[in-house]
Amino acid sequence: MTAATATSSNKEHGAVSTNNCPLDNHMPEQTNHSVPSLAKKDAVNEDKEEDIGALQLRETETFDGPLHAEANRSQNENTVEQTSDKNSRRELEHQITSSQTNSRRNVTALPEPSSKDNRDDFIQDSTIAAHFNPPQSSSPRSAEFDSFSCYDSGSTINQSSIESHHPAEAATSESSQRNSGISAGAMNKLHDVELEPATISSQEQENAISFEIDPGKCEPDPETFEHTPQDAVARHAWFRSLNKYLLCSAYAFFWVVLAGMLTSLAFIVIWSRRFNYGPNESSPLGGEVSSQVSAPTSAPTAAAEKYYSRIRAVTSDEVLRDESTGQYRAYQWLLNEDRLGLTGDESHFLQRYILASLYFATNGDVWKECGGRSSSSSSLRSGTFCGNDVYSSRFLSAVEECQWYGITCAKSTGEVVDLSENEVVEIILTDNNLRGTIPPEISNLPFLYILTLSDNSIKGTLPASPPRLRTLILDNNDFTGTLSPQFKNINNLRTISLANNKLWGTIPPDFFPGSIASLNLEGNKLSGSIPSTVFDLEELSDVNFGSNRLTGTIATEWGNLSQLAHLSLGNNLFNGTLPDEIFPADPPVLKNFSIGLNNIWGTIPEALYSATSLEHLDLSENRLTGTLSTRLGDLYNLRYLIIWQNEFEGTIPKETGNLASLAFFQAPYNYLTGEVPEELCALRPQPLATLGMDCQPALDGEAPTMICSCCTVCYLGYFNDDD
């Protein structure tokens with residue numbers, strides 16, 4: 001076949017030849033094959049010139065693809081019929097069959113050139129064949145050339161145009177690319193190649209035939225490098241890898257966090273056990289241990305039966321089975337949660353149960369100090385130790401109950417006799433936010449001497465007292481009910497302080513124990529008169545019945561109490577006069593006498609001026625009359641003198657300047673006149689810190705009833721009409 005014929009045929013299909021940069025440079029570098037002898041493939045056509053019709057048929061089958069197979073087949077049959085020579089006809093049919101077979105395989109068989117002219121055609125055709133049938137290589141490096149092209153020769157690849165004109169052939173070419181390793185860029189260039197006649201040197205022929213590739217002539221095509229299908233697949237694979245990596249990372253992070261949380265929880269539990277925290281105790285890491293009490297077991301164990309039999313000695317079965325009581329919760333705590341692990345045979349088993357009952361009955365979970373949720377934050381209080389005493393432990397800790405906060409125990413001493421074991425002798429839980437009731441079992445602590453639970457929010461009736469109780473202080477709570485003779489038989493009880501509660505009713509005659517020394521019932525709702533049995537209490541030294549609703553007169557029998565030092569009867573409904581007998585002069589022991597805010601009338605008895613032991617004298621808000629005696633200066637120990645809102649008249653005696661310890665003197669709202677003596681002003685500012693008189697001018701400009709140059713407070717006072 002001549003070069004002109006080849007050129008004409010190839011131009012019809014839009015082929016372009018690139019002489020300087022063969023597309024074979026897209027082959028892997030290690031693949032460098034030589035073209036096998038083509039004579040063996042078509043030896044039967046060696047000396048024959050191909051028929052023009054057969055050549056067109058072959059080219060049509062090659063370039064147009066399977067879509068025109070039927071039309072090409074019909075054209076080939078017409079060509080066969082027009083051939084007269086039988087042998088030529090047979091040879092032509094053989095060529096057609098071979099051409100169709102090679103077209104299906106995407107292989108073009110080229111005859112070996114026999115002359116110089118034919119060799120030129122052969123070189124061009126062999127170049128095309130090399131592009132269609134590159135040497136097969138399984139090397140993985142072949143993919144590296146998919147995005148490379150020889151763009152320095154000015155050739156342009158147009159894959160979309162090929163697919164639009166020859167869709168079937170594009171699909172076949174794509175399959176061939178996958179099988180042979182040729183990139184899409186190289187196949188695209190093939191369809192845009194235009195074969196033109198050219199003179200091929202021998203060196204170029206050798207390079208084309210042997211497929212020797214010059215790497216310097218091929219460079220990456222920046223226009224196709226980022227837009228090839230292989231790049232899209234690579235990017236898709238990269239994103240899938242990235243997503244998989246992120247998913248695995250998140251999964252691993254989740255398990256790391258979970259493991260850290262479990263480790264921290266285990267550390268908190270171990271740490272809390274190390275410091276023996278009780279229920280709901282705040283650990284150093286901020287955690288809490290639940291104080292929920294487990295339900296009673298359906299089948300009691302031997303320990304449960306022993307516990308139950310011991311507790312029944314102090315608690316009724318009805319209370320012990322009531323799940324709302326502190327006694328039930330204490331029993332369950334001993335049975336299921338107490339880490340001290342008592343057997344029930346210990347001598348101090350019951351006192352541990354009673355103290356636990358006190359904890360649960362007064363809502364120990366909200367105590368200020370050493371309960372389940374202590375507000376203490378110091379380092380000494382963050383562990384087992386708590387409160388002001390570094391040797392105190394939290395309530396319900398796995399230590400002996402004698403080490404719990406507010407609990408004091410003692411062995412045999414001079415005061416406590418016949419103690420072979422540690423016994424509870426003191427319970428002091430002042431101002432600790434106790435809420436609830438005091439369990440009656442507390443009276444079964446045989447050696448309890450001091451019970452102080454003041455400044456809390458305890459309600460209910462007064463508890464029964466232990467037999468050896470000496471001090472009972474329950475001030476500033478919410479106790480209700482009436483007083484009963486429950487304290488009468490407590491021979492050692494010295495102090496009863498029930499101030500500022502909600503007790504009501506009368507004071508029973510047998511309420512007072514014979515050994516009482518201090519009795520404080522202030523700030524309740526007690527009514528009636530004071531029973532005469534109180535005057536039989538020879539050791540009574542401190543009495544406070546103030547701020548109640550007591551009635552009657554001031555009894556002279558108060559003077560029979562030789563040790564009475566403090567008598568406060570203020571803010572009640574007493575009436576009458578002040579008897580001289582209540583101020584004994586031999587020996588004077590009365591230090592505090594308060595009768596303010598009552599309905600007492602008359603004058604100040606002369607015996608009062610003999611009570612030189614007085615330190616606090618309150619006669620305010622009564623109806624006392626008369627003048628102030630000059631003997632007022634004999635009360636040299638007096639520190640507080642309050643006589644306001646009475647009906648005293650006259651002047652302030654200058655002997656008041658002898659009161660060297662006087663710190664507070666209030667005398668307004670009387671009918672006193674004149675000028676405050678200089679001797680009294682000399683006590684200002686020390687020791688006299690407060691001095692008040694009717695020294696304020698009237699609103700209409702009228703002069704005050706008293707003139708005071710040293711008063712700290714001036715009052716308007718009384719301005720009575722003439723009538």
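Small disclaimer: the values here were computed from a predicted structure and weren't measured. Sequential numbering from 1 along the given sequence is applied to the chain's residues.
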task = Look up atom CG in Leu550 and atom OG in Ser529, then write down how far apart they are to the nearest 0.5 Å.
result = 8.0 Å

inquiry  = Show the nearest heavy-atom pair for residues Asn477 and Leu453, with the distance to one decimal.
reply    = ND2-O, 3.0 Å

query = Taking side chain as C-beta onward, heavy atoms only, is Phe665 less than 4.5 Å from Met693?
reply = yes

ask   = Does Ser357 reach the main-chain N or O of Ala330 with its side chain, forming a donor-acceptor pair under 3.5 Å?
value = no

key: Trace of the side chain to side chain contact (heavy atoms under 4.5 Å, CB included) decision for Asn432 with Thr362   = CA-CA 10 Å; Asn432 202 30; Thr362 57; over 6 Å; no

Atom CD of Glu647 with >12 non-hydrogen neighbours under 6.0 angstrom = yes

query = Do the side chain of Asn492 and the main chain of Arg468 share a donor and acceptor less than 3.5 angstrom apart?
reply = no

ask   = Got a sec: does the CZ of Arg684 have more than 12 other heavy atoms crowding it under 6.0 Å?
value = yes

ask   = Side chains of Ile496 and Pro513: does their closest heavy-atom pair fall under 4.5 Å?
value = yes

query = Are the side chain of Asn637 and the backbone of Leu614 linked by a donor-acceptor contact shorter than 3.5 Å?
reply = no

ask   = Taking Thr690 for the side chain and Phe664 for the main chain, is one N or O donor matched with an acceptor at less than 3.5 Å?
value = no

Test item: Leu619 and Ile595 side chains (from C-beta on) under 4.5 Å apart, heavy atoms = yes

query = So, Asp580 side chain and Pro605 main chain: donor-acceptor pair closer than 3.5 Å or not?
reply = no

remark   = Heavy-atom closest pair (Ser397 atom, Trp404 atom, distance to 0.1 Å) is O-NE1, 3.3 Å

query = Could you go step by step and tell me if Ser610 and Arg631 meet the side-chain hydrogen bond (donor to acceptor under 3.5 Å, both in side chains) rule?
reply = CA-CA 9 Å; Ser610 300; Arg631 294 185 61 190; 3.2 Å; yes

query = For residues Asn500 and Asn476, is any side-chain donor paired with an opposing acceptor at under 3.5 Å?
reply = yes

message = Could you check whether any side-chain heavy atom of Thr480 comes within less than 4.5 Å of a side-chain heavy atom of Asp478, counting everything from C-beta outward?
response = no

key: Separation between CD1 of Ile652 and CG of Leu680, rounded to the nearest 0.5 Å   = 7.5 Å

task = Decide yes or no on side chain to side chain contact (heavy atoms under 4.5 Å, CB included) for Ser465 and Leu493, but give the supporting numbers first.
result = CA-CA 10 Å; Ser465 299; Leu493 187 57; 5.6 Å; no

Verdict with reasoning, Trp504 to Thr482, per side chain to side chain contact (heavy atoms under 4.5 Å, CB included) = CA-CA 5 Å; Trp504 55 275; Thr482 61; 3.8 Å; yes

message = Between Leu662 and Thr656, is there a side-chain heavy-atom distance shorter than 4.5 Å?
response = no

ask   = Can Phe487 and Phe512 be said to form a ring pair (Phe, Tyr, Trp, His ring centres under 6.0 Å), step by step?
value = CA-CA 7 Å; Phe487 303 112; Phe512 312 102; over 10 Å; no

request  = Hey, could you give me the CD/OH distance between Glu423 and Tyr449, rounded to the nearest 0.5 Å?
outcome  = 10.0 Å

request  = Provide the closest heavy-atom pair for Ile554 versus Pro579 in the form atom of the first, atom of the second, distance.
outcome  = O-CG, 3.7 Å

key: Closest contact, heavy atoms only, Cys402 versus Gln351   = SG-NE2, 4.0 Å

ask   = Does atom CD of Glu606 have more than 12 heavy-atom neighbours from other groups under 6.0 Å away?
value = yes

query = Atom CG in Leu632, atom CG in Leu641: separation rounded to 0.5 Å?
reply = 5.5 Å

query = Between Asp455 (side chain) and Asp431 (backbone), is there a donor-acceptor pair under 3.5 Å?
reply = no

request  = Write out all pairs satisfying disulfide bond (SG atoms under 2.5 Å apart) with one or both partners inside residues 596-684, taking only residues at least two apart or from two chains.
outcome  = Cys681-Cys710

Would you be so kind as to tabulate the donor-acceptor pairs closer than 3.5 Å made by side chains of residues 433-446, with sequence neighbours excluded?
{"from": "Asn433", "atom 1": "OD1", "to": "Arg435", "atom 2": "NE", "distance (Å)": "3.0"}
{"from": "Asn433", "atom 1": "OD1", "to": "Arg435", "atom 2": "NH2", "distance (Å)": "3.2"}
{"from": "Asn433", "atom 1": "ND2", "to": "Val366", "atom 2": "O", "distance (Å)": "2.9"}
{"from": "Glu441", "atom 1": "OE1", "to": "Gln327", "atom 2": "NE2", "distance (Å)": "3.0"}
{"from": "Glu441", "atom 1": "OE2", "to": "Thr315", "atom 2": "OG1", "distance (Å)": "2.8"}
{"from": "Glu441", "atom 1": "OE2", "to": "Gln327", "atom 2": "NE2", "distance (Å)": "3.3"}
{"from": "Ser443", "atom 1": "OG", "to": "Pro440", "atom 2": "O", "distance (Å)": "2.8"}
{"from": "Asn444", "atom 1": "ND2", "to": "Glu441", "atom 2": "O", "distance (Å)": "3.4"}

inquiry  = Using only atom types and a distance under 3.5 Å, with no angle test, would you say the side chain of Asn560 pairs donor to acceptor with the backbone of Trp558?
reply    = no

Any donor-acceptor pair under 3.5 Å from Asn670 side chain to Asn646 backbone = yes

task = Just do the salt bridge (Lys or Arg N to Asp or Glu O under 4.0 Å) check on Glu401 and Arg352 with the steps written out, would you?
result = CA-CA 6 Å; Glu401 62 278 2; Arg352 190 173 182 87; 3.0 Å; yes

inquiry  = Looking at every non-hydrogen atom in both residues, tell me the closest pair between Pro531 and Ile507 and how far apart they are.
reply    = CG-O, 3.7 Å

message = Using a strict SG to SG cutoff of under 2.5 Å, would you count Cys714 and Cys711 as disulfide-linked?
response = no

query = Out of curiosity, Leu567 CG to Leu561 CG, how far, rounded to the nearest 0.5 Å?
reply = 8.5 Å

query = Can you name the one residue among Trp644, Phe648, Tyr671 that meets ring pair (Phe, Tyr, Trp, His ring centres under 6.0 Å) with Tyr718?
reply = Tyr671

Heavy-atom pair of closest approach, residues His566 and Asp542 = CB-OD1, 3.4 Å

task = Would you indicate whether Cys708 and Cys695 have their SG atoms under 2.5 Å apart?
result = no

message = Could you check whether any side-chain N or O of Asp475 sits under 3.5 Å from a backbone N or O of Ser454, counting only pairs where one atom can act as donor and the other as acceptor?
response = no

key: Chi angles and distances behind the side chain to side chain contact (heavy atoms under 4.5 Å, CB included) call for Gln563, Leu540   = CA-CA 6 Å; Gln563 299 187 31; Leu540 192 60; over 6 Å; no

query = Rounded to the nearest 0.5 Å, what separation is found between the CG atom of Asn422 and the NE2 atom of His348?
reply = 8.5 Å

task = State, with a plain yes or no, whether a side-chain heavy atom of Leu462 is found less than 4.5 Å away from one of Asn501.
result = no

ask   = Can you find a heavy atom in the side chain of Leu526 that is under 4.5 Å from one in the side chain of Phe545?
value = no

key: Residue pair Val676 / Met706, side-chain heavy-atom distance below 4.5 Å   = yes

ask   = Is there a donor-acceptor pair under 3.5 Å between the side chain of Asn544 and the backbone N or O of Gly546?
value = yes

request  = Give every residue pair that meets the ring pair (Phe, Tyr, Trp, His ring centres under 6.0 Å) criterion with at least one member in residues 595-633, sequence neighbours excluded.
outcome  = His616-Tyr640

